[in-house]
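Here's the structure, in structure tokens; my notes come after.
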Amino acid sequence: MTDEAPAPDGALRERWARTLRAATGRPDLDPDPYADNLLARWAEPQRRYHTTAHLTAVLDHLDTLDGHAEDPELVRLAAWFHDAVYRPDRSENEERSATLAERALAEAGLSASGTGEVARLVRLTVTHDPADDDTNGEALCDADLAILAAPPEAYAAYTRAVREEYGFVPDEAFRSGRAAVLRQLLDLPRLFRTPHGRAHWETPARENLAAELALLTP
């Protein structure tokens, strides 16, 4: 597991209700059926890192980045949906999560443009490569990747949790695949796009990635 403590369901439900009502402009909307569905998904037994603790951390990081995104409530909705469908043995998780968002948010009364933006942001987490003028995408991607800049002990807990999620993969295959991912990240000209991310997360993230890669490739 990571050092991210799971938030009580009640606290997450309150955050969900505020976001959904603000985004839809419907203060009378009952958010609980949607919260029930999402929280059940985030608590599925195959998850070790992509849990409600990760969801809470992303939402907290978005609070840290407050003021950067053009549409902060839509970005928060995207955070709720970005790993709502998660099976580590499948490659279409983001697409299925985006489809879930489209269906649920349209039903909740979010505008077509708002629903489309949330789905676009969810799909963007496949690459974490937003355009330079995409402030919504920059905020979500930076918040999602902020774990890479965690203190060493927390980063080590994150890597252990990821390995547990991929427990069905043999050790050698996992080391090879994980090393390729780390090299790809390290080859990027920049991991973080927001001013805060560049100033506070870029250097420790690269140090963590390089240290993990050294352990995987002795």
Side-chain angles (χ1 to χ4, degrees), residues 4 12 15-16 18-20 22-25 34 38 41-42 49-50 52-86 90-106 108 110-150 158 162 181-182 184-206 208-209:
E4 297 168 347
L12 275 172
R15 294 175 87 161
W16 166 255
R18 287 196 304 270
T19 297
L20 185 64
T24 60
Y34 304 98
L38 285 165
R41 290 174 179 275
W42 282 93
Y49 170 64
H50 294 87
T52 53
H54 171 59
L55 169 61
T56 300
V58 173
L59 293 171
D60 289 345
H61 292 314
L62 287 174
D63 288 345
T64 298
L65 300 174
D66 187 45
H68 184 81
E70 181 178 357
D71 304 296
E73 299 307 333
L74 298 184
V75 178
R76 288 187 177 93
L77 286 177
W80 273 90
F81 281 97
H82 82 287
D83 285 321
V85 177
Y86 183 75
R90 296 181 180 176
S91 61
E92 72 278 10
N93 291 314
E94 292 84 1
E95 181 58 36
R96 293 177 66 200
S97 295
T99 299
L100 176 67
E102 289 170 333
R103 183 171 66 248
L105 294 175
L110 186 64
S111 67
S113 61
T115 298
E117 176 64 358
V118 172
R120 181 190 74 83
L121 291 168
V122 172
R123 293 183 173 104
L124 184 60
T125 61
V126 174
T127 62
H128 292 94
D129 187 23
D132 288 340
D133 60 348
D134 181 5
T135 60
N136 289 346
E138 289 174 340
L140 179 62
C141 290
D142 276 19
D144 194 26
L145 294 180
I147 183 61
L148 301 181
Y158 149 71
V162 171
V181 170
L182 297 176
Q184 183 180 31
L185 288 169
L186 286 166
D187 285 343
L188 293 173
R190 53 184 175 170
L191 294 165
F192 298 99
R193 308 299 184 89
T194 65
H196 182 92
R198 292 196 300 270
H200 298 280
W201 297 337
E202 186 78 24
T203 296
R206 288 188 176 277
N208 283 334
L209 293 170

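The figures here come from the full heavy-atom set of this structure, side chains too, leaving out hydrogens, waters and symmetry mates. Quantities reported herein were computed from a predicted structural model and do not represent experimental measurements. Positions are given from 1, in the same order as the sequence printed here.
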Between Asp142 and Thr194, do the side chains contain a donor N or O and an acceptor N or O under 3.5 Å apart? yes
With sequence neighbours left out, write down each residue that passes side-chain hydrogen bond (donor to acceptor under 3.5 Å, both in side chains) with [X], or none if nothing qualifies.
| X | result |
| --- | --- |
| Arg120 | Glu117, Asp134 |
| Asp132 | Arg190 |
| Arg193 | Asp129 |

Please check: side-chain N/O of [X] versus main-chain N/O of [Y], any donor-acceptor pairing under 3.5 Å?
| X | Y | value |
| --- | --- | --- |
| His200 | Gly197 | no |
| Asn208 | Ala150 | yes |
| Trp42 | Trp80 | yes |
| Glu202 | Phe192 | yes |
| Thr24 | Leu110 | no |

Report the residue from His82, Glu95, Glu94 that forms a side-chain hydrogen bond (donor to acceptor under 3.5 Å, both in side chains) with Arg123.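 Going through His82, Glu95, Glu94 one by one, the side-chain hydrogen bond (donor to acceptor under 3.5 Å, both in side chains) with Arg123 is satisfied by Glu95 alone.
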Contacts of Phe81 that satisfy ring-ring contact (aromatic ring centres under 6.0 Å, His included) - sequence neighbours left out: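 Applying ring-ring contact (aromatic ring centres under 6.0 Å, His included) to Phe81 gives none.
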How far does [atom1] of [X] sit from [atom2] of [Y], to the nearest 0.5 angstrom?
| X | Y | atom1 | atom2 | answer |
| --- | --- | --- | --- | --- |
| Leu121 | Asp144 | CG | CG | 11.5 Å |
| Glu138 | Leu124 | CD | CG | 10.0 Å |
| Thr52 | Asp83 | OG1 | CG | 12.5 Å |

Mutual orientation of the aromatic rings belonging to Tyr49 and Tyr158 [parallel < 30°, tilted 30-60°, perpendicular > 60°]: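 Correct class here is perpendicular.
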Quick one: list whatever passes side chain to side chain contact (heavy atoms under 4.5 Å, CB included) with Ser111, sequence neighbours left out. Ser113
Taking only residues two or more places apart in sequence, or in another chain, which ones meet Thr19 in a side chain to side chain contact (heavy atoms under 4.5 Å, CB included)? Glu73, Arg76, Leu77
Within-4.5 Å side-chain heavy-atom neighbours: Arg15 and Asp63: yes
Could you tell me if the side chain of Leu191 sits less than 4.5 Å from the side chain of Leu185, heavy atoms only? yes
Is there a side chain to side chain contact (heavy atoms under 4.5 Å, CB included) between His128 and Leu140? Walk through the geometry before answering. CA-CA 9 Å; His128 292 94; Leu140 179 62; over 6 Å; no
Closest approach of [X] to [Y] (non-hydrogen atoms, all atoms of both residues):
| X | Y | result |
| --- | --- | --- |
| Thr115 | Ala106 | OG1-N, 3.9 Å |
| Ala79 | Leu62 | CB-CD1, 3.9 Å |
| Val75 | Ala139 | CG1-CB, 4.4 Å |
| Ala119 | Ala98 | O-CB, 3.8 Å |

Where do Leu59 and Leu12 land on the side chain to side chain contact (heavy atoms under 4.5 Å, CB included) test, with the steps shown first? CA-CA 10 Å; Leu59 293 171; Leu12 275 172; 4.0 Å; yes
Aromatic ring centroids of His61 and His196 under 6.0 Å? no
